Amino acid sequence: MENVKCLIIGSGPAGYTAAIYTSRANLSPVLYEGIEPGGQLTTTTEIENFPGYPEGIGGTEMMADLRKQAERFGTDIRFGVITSCDLSSRPFKVVVDGEKEISAESIIVATGATARYLGLPSETKYRGMGVSACATCDGFFYRKKDVAVVGGGDTACEEATYLATLCRQVYLIVRKPFLRASKAMQERVFNTPNIKVMFEHNTVEVLGDEDGVTGALLRHTDGTETTIDIAGFFLAIGHHPNTELFAGQLELDSEGYIKVVPGTSKTNIEGVFAAGDVKDPHYRQAITAAGSGCIAALDCERFLLSQ
Ligand code: NDP
């Protein structure tokens with residue numbers, strides 16, 4: 001069985017930053033990219049708040065740069081998904097793609113978070129046929145059509161303004177009487193003439209036919225129901241952490257985020273560290289994920305030195 005000194009799971013800013021630091025510390029890290037190489041940032045348009053890019057940078061481009069930087073220092077980056085793990089004793093055992101077993105002296109978990117859905121059967125039925133959780137990936141298909149975005153946070157506002165550049169009309173469906181997004185994002189939404197914000201509305205059903213989504217049935221908090229005609233239904237209602245793999249082994253909070261010793265990346269298991277959105281329900285920024293990837297690498301290096 002292959003034995004690795006430092007195994008990094010995940011390829012977002014946390015995983016790649018951990019890879020840059022651990023490879024420069026000669027820990028010969030092996031990084032598995034997971035289901036979505038490059039992570040969530042590959043589904044965003046422009047990143048304007050990552051220091052060092054005065055003109056902004058595309059998410060995919062930034063992740064490609066981070067990958068290159070990790071490779072330059074010798075990180076062994078592999079395509080594959082960790083399908084199970086046994087953290088009960090060291091070296092830890094992990095299985096890749098249900099087949100290949102690897103043992104690892106230390107693990108940095110940077111598996112990120114995944115988009116949430118409302119949980120309506122009609123939403124599941126039309127997933128990929130008009131229902132999407134990624135405007136950047138799928139917005140193009142709805143050029144000059146009408147679409148809806150669900151959510152009132154920064155993601156929803158960002159997606160709505162992006163879609164407004166492509167689509168005829170964008171409905172922003174918000175369950176509260178206000179937006180949770182930052183003031184700057186809110187202003188962008190309110191200043192975009194083809195975005196109609198529908199406060200205090202919830203989706204009852206996504207409507208469609210054999211060709212896909214045709215509309216949505218909405219209910220106002222006063223009980224009034226409205227149907228909107230749309231071709232695309234985009235979810236932007238937050239994320240859940242990708243921690244199913246570690247349930248029952250790593251200590252998780254009530255939302256499923258990995259608990260770490262405050263101010264560190266240390267989990268309840270010695271030798272297992274967590275970085276990025278998988279342990280961060282609050283900040284969830286590329287820069288905070290990258291910073292926590294650095295912390296995990298330094299914690300991991302110290303741990304291996306102490307062994
Ligand atoms: P948030 O958790 O901030 O917002 C989720 C939104 O979805 C809220 O408005 C919430 O409503 C709504 N929602 C949740 N569940 C449901 C439901 N079942 N039905 C209807 N609406 C629902 O998530 P985001 O993804 O927007 O943002 C996550 C983090 O990332 C934030 O910290 C944000 O600031 C940051 N971010 C920053 C960006 C940037 O700086 N460029 C871009 C995108 C995100 P309610 O308010 O009622 O709870």
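Numbering of ligands and ligand atoms starts at 1, following listing order. Worth saying up front: this structure is predicted, and the values here are computed from it rather than measured.
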> Does the cation-pi check pass for R143 over F140, that is, NZ or CZ under 6.0 Å from the six-membered ring centre and within 45° of its axis?
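Ring-cation test returns yes.
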> Under the side-chain contact (heavy atoms from CB on, under 4.5 Å) rule, what do V96 and I102 come out as? Steps first, then yes or no, please.
CA-CA 8 Å; V96 184; I102 291 180; 3.8 Å; yes
> Could you identify the single nearest non-hydrogen protein atom to atom 4 (O) of ligand 1 and state the distance to 0.1 Å?
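Nearest neighbour among protein heavy atoms for atom 4 (O) of ligand 1, to 0.1 Å: G153 CA, 3.8 Å.
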> Starting from atom 23 (O) of ligand 1, find the nearest protein heavy-atom neighbour and note its residue, name and distance.
G238 CA, 3.8 Å
> Under 4.0 Å from any heavy atom of L118, which atoms of ligand 1 are there?
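Numbered from 1, ligand 1 contributes 17 (C), 18 (N), 19 (N).
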> Could you identify the single nearest non-hydrogen protein atom to atom 31 (C) of ligand 1 and state the distance to 0.1 Å?
R284 NH2, 4.3 Å
> Nearest non-hydrogen contact with atom 32 (O) of ligand 1 belongs to which option: R180, H282, M185?
H282
> Out of L179, T155, L172, whose heavy atom sits nearest atom 43 (C) of ligand 1?
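Checking each option, the heavy atom nearest atom 43 (C) of ligand 1 is found in T155.
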> Judged on heavy-atom distance to atom 41 (N) of ligand 1, which of Q40, E159, E158 sits nearest?
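Residue with the shortest heavy-atom distance to the ligand atom: E158.
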> Should G152 be counted as touching ligand 1, given the test is an N or O pair under 3.5 Å?
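Looking only at distances, the answer is yes, because the N/O contact criterion of under 3.5 Å is met.
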> Can a donor-acceptor pair be found, under 3.5 Å and without considering hydrogens, that links the side chain of N194 to the backbone of R168?
yes
> Short list, please: which atoms of ligand 1 are under 4.0 Å from a heavy atom of N49?
39 (C), 40 (O), 41 (N)
> Could you list the atoms of ligand 1 found under 4.0 angstrom from a heavy atom of K176?
45 (P), 46 (O), 47 (O), 48 (O)
> Kindly give the heavy-atom pair with the smallest separation between L41 and M62, and that separation in Å.
CD1-CE, 3.6 Å
> State if Q285 counts as touching ligand 1 under the rule of any non-hydrogen atom under 4.0 Å.
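It does; at least one heavy atom falls under 4.0 Å.
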> Could you check which of N202, I237, D154 puts a non-hydrogen atom nearest to atom 21 (N) of ligand 1?
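Among N202, I237, D154, the closest heavy atom to atom 21 (N) of ligand 1 comes from I237.
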> From the options E48, R116, R175, select the one whose nearest heavy atom is closest to atom 17 (C) of ligand 1.
R175
> Has H239 got any heavy atom lying under 4.0 angstrom from an atom of ligand 1?
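For ligand 1, residue contact (heavy atoms, under 4.0 Å) with H239 is present.
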> Using the ring of Y117 (Phe, Tyr or Trp, six-membered ring only), decide whether R127 places NZ or CZ under 6.0 Å from its centre and within 45 degrees of its axis.
yes
> Identify which one of Q40, H239, Q285, H240 satisfies the side chain to side chain donor-acceptor pair (under 3.5 Å) criterion when paired with D277.
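For D277, the side chain to side chain donor-acceptor pair (under 3.5 Å) test succeeds with only one of Q40, H239, Q285, H240, which is Q40.
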> Do the side-chain N and O atoms of S132 and D138 include a donor-acceptor pair separated by under 3.5 angstrom?
yes
> Using a 4.0 Å heavy-atom threshold (strictly under), name the region of S182 that reaches ligand 1: side chain, backbone, both or neither.
neither
> Is the F199 ring parallel, tilted or perpendicular to the F190 ring (thresholds 30°, 60°)?
tilted
> What I want to find out is whether E33 reaches R67 closely enough, with some N-O distance under 4.0 Å, to be called a salt bridge.
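Salt bridge: yes.
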> Without swapping roles, check the side chain of T264 against the backbone of K266 for a donor-acceptor pair under 3.5 Å.
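Judged by distance alone, yes, a pair lies under 3.5 Å.
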